[in-house]
Amino acid sequence: MSLKHGILGLLSYHEFSGYELNRIFADSLAFFWPAQISQIYRELTTLEKAGWVQSRTIVQQDHPNKKLFRLTDEGRQELTRWLSVPKADEPLSSKFPIMLKTFFSSDLSFEWNLADLKRLRQKYEDELRRLRAANIEKEFAVQSVEIKPNRALYWQATMLFGQSYYEMCMRWIDSVVAMIENQER
């Protein structure tokens, strides 16, 4: 996936400003595809030049003008083309900075590694709690996106992935902590 396809996918639901897209990313897609607002605006410019999105400006009196983006027919075709590439043809992610650090962590003390892993576990636990409390359907309803049953099903599928991933990471940490504690004895 690329950021551009994430933006095209969101714009297939409704027109949004860059600020609104950033909020939706933060509340829904960030656990598997994080994006900074500067990246979103940069990508919107690129997508508009490619003819995949169009913008319109809403003049506002009490606030800065608002620029809304919508998907064009060409953008919808690109989104459909990208979605039609089988998931099995996508490369599996193999870059895990945490694993790279873990591989070389023998240069640090047992105590430091245990404390570091416990902090990491807490971070996963906090993210899991946040994810369980998130309500993607509510967020999209606020944005006036029509919530069709099949959309909610696939949104829930990604939430399940995120929850399962964080749970797996916490189990891994528990196992490594046990290994370190056994080695230390």
Side-chain angles (χ1 to χ4, degrees), residues 1-55 68-104 120 123-124 127-128 130-132 134-141 143 145-173 175-176:
M1 177 181 154
S2 65
L3 178 57
K4 69 180 173 190
H5 291 109
I7 292 171
L8 292 174
L10 291 175
L11 291 175
S12 74
Y13 296 151
H14 187 66
E15 68 177 353
F16 294 110
S17 68
Y19 173 79
E20 291 165 332
L21 286 168
N22 183 59
R23 276 194 33 232
I24 294 169
F25 259 90
D27 293 341
S28 62
L29 305 178
F31 74 90
F32 58 88
W33 201 268
Q36 302 297 319
I37 194 161
S38 59
Q39 295 171 301
I40 291 170
Y41 278 112
R42 190 169 43 251
E43 199 63 55
L44 284 167
T45 300
T46 302
L47 293 171
E48 193 165 26
K49 286 179 183 173
W52 292 350
V53 302
Q54 285 182 337
S55 65
L68 294 176
F69 295 87
R70 70 169 190 80
L71 194 62
T72 64
D73 290 339
E74 294 82 9
R76 187 168 302 281
Q77 288 172 6
E78 171 55 22
L79 178 61
T80 301
R81 183 210 58 76
W82 173 74
L83 287 170
S84 298
V85 173
K87 292 172 189 67
D89 290 352
E90 294 290 340
L92 297 177
S93 179
S94 61
K95 290 185 179 180
F96 294 98
I98 290 169
M99 293 300 104
L100 187 61
K101 281 187 161 186
T102 300
F103 190 85
F104 295 108
L120 178 60
K123 186 175 181 177
Y124 280 123
E127 283 300 302
L128 180 60
R130 184 185 69 78
L131 194 57
R132 286 182 173 151
N135 187 336
I136 293 177
E137 292 178 48
K138 181 180 176 186
E139 174 60 28
F140 278 116
Q143 300 294 337
V145 171
E146 180 186 355
I147 303 186
K148 298 176 182 176
N150 63 333
R151 284 184 179 162
L153 169 74
Y154 292 101
W155 296 341
Q156 290 304 317
T158 60
M159 294 291 278
L160 177 60
F161 172 83
Q163 291 172 5
S164 299
Y165 176 75
Y166 292 147
E167 290 166 352
M168 182 273 305
C169 290
M170 291 186 321
R171 284 192 309 274
W172 172 79
I173 290 170
S175 297
V176 173

CD of Glu127 to CD of Gln163: how many Å apart, nearest 0.5 Å?
-> 12.0 Å
To the nearest 0.5 Å, tell me how far Lys4 NZ sits from Leu79 CG.
-> 11.5 Å
Before accepting this row, confirm whether a basic side-chain N of the pair Glu90/Lys87 lies closer than 4.0 Å to the acidic partner's carboxylate O.
-> no
Could you tell me the separation between the NE2 atom of His14 and the CG atom of Leu71, rounded to the nearest 0.5 Å?
-> 13.0 Å
Shortest non-hydrogen separation from Thr72 to Gln54 and the atoms involved | CG2-CG, 3.4 Å
List the steps and the verdict of side-chain contact (heavy atoms from CB on, under 4.5 Å) for Leu47 and Phe69.
-> CA-CA 10 Å; Leu47 293 171; Phe69 295 87; over 6 Å; no
Which atom names give the shortest non-hydrogen contact between Gly162 and Leu131, and what distance separates them?
-> C-CD2, 3.4 Å
Go through the structure and list residues passing side chain to side chain contact (heavy atoms under 4.5 Å, CB included) with Leu68, not counting sequence neighbours.
-> Glu15, Ser17, Glu20, Arg56, Ile58, Lys66
Could you tell me which residues satisfy salt bridge (charged side-chain N to carboxylate O under 4.0 Å, His left out) with Arg132, sequence neighbours excluded, listed by chain and number?
-> Glu167
Tyr166 and Tyr124 aromatic ring geometry - parallel, tilted or perpendicular at 30°/60° bounds | tilted
side-chain hydrogen bond (donor to acceptor under 3.5 Å, both in side chains) pairs, two or more places apart, involving residues 38-53 | Glu48-Ser55
Partner residues of Ser164 under the side chain to side chain contact (heavy atoms under 4.5 Å, CB included) criterion, sequence neighbours left out = Leu160
Side chain to side chain donor-acceptor pair (under 3.5 Å) filter on Arg76, not counting sequence neighbours, yields none
Would you call Leu29 and Leu10 a side-chain contact if the rule is heavy atoms closer than 4.5 Å?
-> yes
If you take all heavy atoms of Ile37 and Tyr19, which pair is closest and at what distance?
-> CD1-CA, 4.3 Å
Taken to the nearest 0.5 Å, the spacing of Leu153 CG from Trp155 CH2 works out to 11.0 Å
Parallel, tilted or perpendicular: which fits the ring planes of Phe161 and Tyr165, with parallel below 30° and perpendicular above 60°?
-> parallel
Just wondering, do Thr102 and Met99 contact through their side chains at under 4.5 Å, heavy atoms?
-> yes
Rounding to 0.5 Å, atoms CD1 (Ile173) and CE (Met170) come to a distance of 8.5 Å
Which pair of non-hydrogen atoms, one from Val53 and one from Leu11, has the smallest distance, and what is that distance?
-> CG1-CD1, 3.5 Å
For Asp73, what residues pass the side chain to side chain contact (heavy atoms under 4.5 Å, CB included) criterion, not counting sequence neighbours?
-> none
Nearest-0.5 Å distance that lies between atom CD1 in Ile98 and atom CG in Leu120 | 4.5 Å
